[in-house]
Every structure is written in C-alpha cells, then in structure tokens.
Colleague: 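Below is one structure. I have some questions about it.
If you read the sequence from its start, that first residue is 1, and numbering goes on from there. Just so you know, ligand 1 is whichever comes first in the structure, and atom 1 is the first atom listed for that ligand. This is a predicted model, so every value here is computed, not measured.
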Amino acid sequence: MALRNLVLILGDQLDADSPALAAFDATCDRILMAEVAAESTHVPSHKVRTALFLSAMRHFREELVARGYPVDYHALEEPGNPGSLAEALGRAVARHSPRRVMCVEPGEHRVEQALRAVCPTIEYLDDTHFLYTREEFAAHARGRKQLRMEFFYREARRRFGVLMEDGQPVGGAWNFDADNRGAFPAQGPPLHVRPVTFPPDAVTRGVIELVNARFPNNPGSTETFDWPVTRLQALAALEDFITHRLPLFGRFQDAMWRGEPVLFHSRLSAALNLKLLNPREVIAAAEQAYREGLAPLPAVEGVIRQILGWREYVRGIYWLRMPDYGERNALNAHQPLPAFYWTGDTEMNCLRQAIGQTLEHGYAHHIQRLMVTGLYALLLGVEPREVHEWYLAVYADAVEWVELPNTLGMSQFADGGIMASKPYAATGKYIQRMSNYCQGCRYDPAVATGPSACPFTTLYWDFLLRSETQLRRIPAWGCNSTTLRG
Ligand SMILES: Cc1cc2nc3c(=O)[nH]c(=O)nc-3n(C[C@H](O)[C@H](O)[C@H](O)COP(=O)(O)OP(=O)(O)OC[C@H]3O[C@@H](n4cnc5c(N)ncnc54)[C@H](O)[C@@H]3O)c2cc1C
Ligand code: SF4
C-alpha cells in the first residue's frame, strides 16, 4: 500500500517536537533517517563531529522506535548504504511511493537543493526550533540599508519579552560590555568547575570505532569524546552550565588560557545545533538564574545576546544571502590555508593551542575562533572558501547556516561588511592582553620586524597596506580607529 507521508529527518534535526512529526500517524506514515559518507567527506569532517552526529542520530532513532514510530534507518556500515542524502531519499520514494514527502528546512543550502533535485515535490516545513522564521528575518531586513545584529537583537528582546520590564530592558541598558570581556589576572582563571562530561556508552563506542575505521585520514581524534548525545544529556549539560559557569560567563567571555578550552563558556552549541536543546529553554534558564539572584545581569544578558541575538541573526543572514554569499571575497584574498591548520604544528603558541584543542576536542570558544585562527587567516589573506571549509570540517558544532556567516562575514570580512561594520583585525598584542599564550611563545607580540617579530603583528601592518583601498571604503574604518580589537 502506498504510504501517506514520508518524513525525512536529517542528522541535525533530532527534535521529538519537530513540526514534521506533529501530525504523524504511525499506521500510514514513515520516517527516513540516513547516515551517509558524503556528509563526512564533502569537507573532511573531524572524527568527533561525525561520531557526534551518528551517535546522536542512533540514540534518537532508538527513542523514536520506543515511541512506536516506524523508521527506515540507513546505518553507515550497512551493505549498499546510499552514500548521499539525495540517494537515500530517491530510493525511499521509489520504495514507498508516498503521497507526500516532507522535511524540516535543512541547515545547508547545498542539502536543500540536492533533496529538491531528487524529489521536486518535497515540502520544506518552517524550522520552529528557531525563534524567527526565514520570512520573519527577511521582513526585518526589508528596507534596511544595514543589517546590524544590535538592532535585530533589541527587536527580538522586545518581541519575546526577554529581560524586559515595562517595555524597557532590565537594568536600564541593552548591553553590558563594559562589565564583560575582561582578561584573567596574572595567576590565571579563578577556580571553576569543568563542564560535565558524558563518557561514551555502547552506542557511541560502536560509532567511534566505525568512524575511526571508515575515515582514518579525517582530522582530529575521538580519544576524549565526551559530548552530550541525547536530549537528557543535553539538559544535564544546560543545568551544569547555568549552575557552574554562567555567573562568570560575561566577565571572562573573551579571555583565553593555556590548557583551558572551555573556561566559563557553555559548550552547548553542538546540542543546540543538533536540536537536542531548544534555544528558548537556554534563554529561559539563563533569565531565571538572573531573576533568582543566581547570576548577575551582565553575564545573563551576555549569553542571551549570543543565542537570541547572534545565533538567530547569523541564520537570518545565511538564508537571506545564499547561495552567492559563500562565493564572496571582498578583500580579494587568495593565499592557501597553511598546512598547520590541520596539524597544529606551528611555533606560534596561540595557534598551536587553539588548533591543538580543536583537533583534540572538536571545540574552541568564540574568541579562539575569531581572534586566533580567524584573525591569522584574515591577516595572511587566505582564500575565504578555504577558511570556511576548515571551520566547517573541524568543529563538533559546525553546520553551514551558522558556520558560514561567522567565518566569511564576521571573521574574514569577505562579505564586505554585511555582518561586521569593519574587519576584526588586531596585532599580537590583543592576544597577549586576553591570554597567557604569548608567555610560552618564541615570538614577541610587540615586535613587527626581525627574528622575534610576532607574525600577527607583522601581518597586521601588511594587511593594512594590502587592503588600504577596500578599507578606505568602510565608513566605520575611522581615522582614529584602525581596529576593533587593536
Ligand atoms: C570563524 C567562526 C566560526 C564559527 N563556527 C560556528 C559553528 O560552526 N557552529 C556554531 O554553533 N557556532 C560557530 N561559531 C560561533 C561561536 O564561536 C560558537 O557558537 C561558540 O564558540 C560555541 O561554544 P559555546 O557553546 O561554548 O558558546 P558560548 O560562548 O557559551 O555561547 C552560548 C551560545 O551562543 C551561541 N553563539 C555564540 N556566539 C555565536 C555566534 N557568533 N553565532 C551563532 N551563535 C553563537 C551558540 O549557540 C553558543 O552555544 C563560529 C564563530 C566564528 C568566529
Ligand atoms: S607572540 Fe604572537 S604568535 Fe606568539 S602567542 Fe603571542 S600572538 Fe601568538
């Protein structure tokens, strides 16, 4: 008998409250899920990233089956695995002849197009995980000359009544940057509780073995894999962040320290992006911590700004500007990505630290991504597409809708100012101020020429000279302010 609905659930759509399941009838509908090699090889995906996706998918499948949902599931190791999402969908359509095929909007333009090519009638449902639909963001953008995050964020705060009182922002200000973003004192970070870890269970161990056998040459190691892979674990990770790290999140949001990958960050991005966690519950938990006096306003506003502001905003930009967004190269940068990005083998200590922990854990916090690996690529003039492919490959939380605007727009200024008002350019002194990396380095951040010159500092001046024509066109590149983070 022909199926009524075939519901495709992608690896980053692991949400039992998905709109695709809202009217599901187990007697006449079917779910399709597929683990496919193409998603780990179109960029050479970090072993942790692939293992995380596969383990979370397998746990979600178990949950669906336990609830009585019929699921067609393709395991990566099964003989005759379809190899790509489009092939998996094409075969399922041929097998079941469903009356309707539906899927929540994918998180990547490439996937959206590939699925439509094989099944032109596929219905894409609004992704209700996000607070703004694509159309709502487009409406926000309409008629605006510039799309600045700050204005979007204020609109979102008002719209959803987050940290608001009588129509005004709680505490009388939208932004507490002056209280936030400090460096650590010389003796280092205050005592803090490391994030709760989730040692691999039998499912994850099986997946790790599979990934290591199947993708031995992909970057990274799975040895320290400890990511949340189920909804319950994701909720435990949220509680752990709110209790132990949120209070100092804002104050040390930009600080870095040797051997301390997470510090006061949440490490929730992967669970959020797989949809094991809903952004609304993270925002609500943070606001409640403030209302109960458990965390100060600057810290709570800081994290809400990231999730209600930046996360929604970058998704909006991605869908508004794709597909040509990915091709932008406003600063005309064409250098190849240095080989050490894949190994961490460099004498520049900051890069060795940030890349080393990335290869070990599939994680680096925002300032390491923006002001260490991203900054070096910007100053060197690396081809933005190569930078983008590296970020998409090496982070456990990487999905294109969030990775691409952050890389191309915020970090490389390749979109010519759609996201950032000017490039995040700085000398090595910024890194010296915000970390202890320079203490263990053979270079000196204050020196621009000669054998001890810090490559960041040398390249900064080269960047200014090289990009002068483009930089002069940027209104925010004022006569007195050469950098955002100088
Ligand atoms: C070059 C570059 C590439 C990036 N690639 C990704 C990516 O592939 N996936 C990804 O989720 N984030 C990406 N980010 C944004 C940010 O760095 C990560 O979300 C963050 O480091 C994840 O760690 P965390 O969960 O501990 O975040 P926290 O610092 O604890 O922040 C809390 C949450 O806010 C959200 N958030 C914070 N900053 C951003 C931002 N700029 N854009 C969107 N959401 C944000 C995340 O969901 C994050 O979990 C990138 C940033 C840069 C500069
Ligand atoms: S001296 Fe330069 S290269 Fe070395 S850690 Fe500092 S910023 Fe990085």
Side-chain angles (χ1 to χ4, degrees), residues 12 49 107 149 195 237-238 241 245-246 249-250 252-254 256 258 261-274 277 279 282-283 286 299 302-315 317-318 346-354 362-378 384 387-388 390-412 419-420 424 426-448 452-460:
D12 61 345
R49 178 172 179 259
M149 199 293 288
L238 171 59
F241 167 62
R245 298 189 303 287
L246 174 62
F249 171 87
F252 297 122
Q253 201 175 332
D254 287 6
M256 301 173 278
R258 262 199 319 260
V262 181
L263 291 161
F264 298 94
H265 291 267
S266 70
R267 215 179 69 133
L268 291 176
S269 50
L272 276 163
N273 296 351
L274 295 183
L277 265 187
V282 183
I283 292 167
V303 82
I304 288 178
R305 166 179 293 268
Q306 306 309 318
I307 295 174
L308 179 61
W310 282 109
R311 190 167 185 269
E312 295 285 325
Y313 169 82
V314 299
R315 176 176 185 259
I317 297 273
Y318 178 81
T346 167
E347 287 188 298
M348 290 177 273
N349 194 33
C350 52
L351 282 160
R352 194 169 63 239
Q353 296 284 330
Y363 178 85
H365 73 63
H366 186 66
I367 292 304
Q368 294 174 308
R369 297 188 206 196
L370 184 65
M371 298 307 290
V372 180
T373 44
L375 174 60
Y376 189 75
L378 171 77
V387 188
H388 149 59
W390 183 78
Y391 279 100
L392 189 58
V394 298
Y395 288 106
D397 59 23
V399 187
E400 198 180 86
W401 64 265
V402 53
E403 176 279 325
L404 185 67
N406 269 300
T407 304
L408 233 84
M410 189 188 296
S411 145
Q412 301 301 297
M419 269 192 67
Y424 283 82
T427 65
K429 281 184 170 177
Y430 173 82
I431 293 171
Q432 182 186 37
R433 193 161 66 244
M434 298 311 297
S435 74
N436 66 344
Y437 293 154
C438 301
Q439 285 169 27
C441 189
R442 63 155 283 209
Y443 301 111
D444 180 344
V447 178
S452 66
C454 163
F456 283 80
T457 304
T458 311
L459 285 170
Y460 173 78

Colleague: Please name all residues satisfying salt bridge (Lys or Arg N to Asp or Glu O under 4.0 Å) with R369, sequence neighbours left out, ordered by chain then number.
Modeller: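 Only D397 meet the salt bridge (Lys or Arg N to Asp or Glu O under 4.0 Å) criterion with R369.
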Colleague: Going by the order shown, which atoms of ligand 1 are within less than 4.0 Å of some heavy atom of H365?
Modeller: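 In order of number, 21 (O).
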Colleague: Take every heavy atom of A270, measure it against each atom of ligand 1, and state whether any distance is under 4.0 Å.
Modeller: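 No.
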Colleague: Using heavy atoms and a threshold below 4.0 Å, how should the contact between N273 and ligand 1 be classified: side chain, backbone, both, or neither?
Modeller: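 It is the side chain that touches ligand 1; the backbone stays farther off.
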Colleague: Does only the side chain of R311 get under 4.0 Å from ligand 1, or the backbone, or both, or neither? Count heavy atoms.
Modeller: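 Both backbone and side chain of R311 come within 4.0 Å of ligand 1.
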Colleague: List the residues meeting salt bridge (Lys or Arg N to Asp or Glu O under 4.0 Å) with R315, not counting sequence neighbours, and say none if there are none.
Modeller: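 Once residues adjacent in sequence are excluded, the partners of R315 under the salt bridge (Lys or Arg N to Asp or Glu O under 4.0 Å) criterion are E105.
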Colleague: Atom 7 (C) of ligand 1: which protein heavy atom is closest, and how many Å away?
Modeller: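 Among all protein heavy atoms, the one nearest atom 7 (C) of ligand 1 is D397 OD1, 3.3 Å.
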Colleague: With heavy atoms of A364 as the reference, note each atom of ligand 1 found under 4.0 Å away.
Modeller: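 Counting atoms of ligand 1 from 1, those under 4.0 Å from A364 are 21 (O).
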Colleague: A398 heavy atoms, cut-off 4.0 Å: which ligand 1 atoms fall inside?
Modeller: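 Answer, ordered by atom number: 8 (O).
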Colleague: Give the contacting part of F241 toward ligand 1: side chain, backbone, both or neither, where contact means a heavy-atom distance below 4.0 Å.
Modeller: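 Looking at F241 and ligand 1, no heavy atom falls under 4.0 Å.
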Colleague: Considering non-hydrogen atoms of the protein only, which is the closest contact for atom 22 (C) of ligand 1, and what is the distance?
Modeller: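 Answer, as residue, atom name and distance: S269 OG, 3.2 Å.
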Colleague: Within ligand 1, which atoms have a heavy atom of L268 less than 4.0 Å away?
Modeller: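 Those qualifying, in numeric order: 25 (O), 49 (O).
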Colleague: Using a distance threshold of 2.8 Å, what protein N/O/S atoms lie below it relative to atom 4 (Fe) of ligand 2?
Modeller: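 As for protein N, O or S atoms lying under 2.8 Å from atom 4 (Fe) of ligand 2, they are C441 SG.
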Colleague: Under 3.5 Å, is there a donor-acceptor pair between the Y391 and T373 side chains?
Modeller: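 The criterion, which ignores hydrogens and geometry beyond distance, is satisfied for T373 and Y391.
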Colleague: If the cut-off is 4.0 Å to any non-hydrogen atom of M410, which atoms of ligand 1 fall inside it?
Modeller: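 The list of qualifying atoms is 41 (N).
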Colleague: Are any of the heavy atoms in Y313 under 4.0 Å away from ligand 1?
Modeller: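 Y313: no contact with ligand 1 (<4.0 Å).
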Colleague: Taking atom 28 (P) of ligand 1 as the point of reference, which of P195, G309, G302, S266 owns the nearest heavy atom?
Modeller: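 That would be S266.
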Colleague: What protein heavy atom sits nearest atom 34 (O) of ligand 1, and how far away is it?
Modeller: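 Going atom by atom, the protein heavy atom closest to atom 34 (O) of ligand 1 ends up being Q306 CB, 3.1 Å.
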Colleague: What protein heavy atom sits nearest atom 21 (O) of ligand 1, and how far away is it?
Modeller: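 That would be H366 N, 3.3 Å.
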Colleague: Would you mind running through ligand 1 and noting each atom that sits below 4.0 Å from a heavy atom of Y391?
Modeller: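 What qualifies from ligand 1 is 1 (C), 3 (C).
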Colleague: With sequence neighbours left out, what residues match N436 under side chain to side chain donor-acceptor pair (under 3.5 Å)?
Modeller: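 Per chain and number, N436 pairs via side chain to side chain donor-acceptor pair (under 3.5 Å) with no residue.
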Colleague: Could you work out, for atom 41 (N) of ligand 1, the closest of L277, V314, N406 by heavy-atom distance?
Modeller: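 Minimum heavy-atom distance to atom 41 (N) of ligand 1 goes to N406.
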Colleague: How far is atom 39 (C) of ligand 1 from its nearest protein heavy atom, and which residue and atom is that?
Modeller: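 Heavy-atom neighbour on the protein nearest atom 39 (C) of ligand 1: W310 CB, 4.0 Å.
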Colleague: Is Y363 close enough to touch ligand 1? Criterion: a residue heavy atom under 4.0 Å from a ligand atom.
Modeller: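 Y363 counts as a contact of ligand 1 under the 4.0 Å cut-off.
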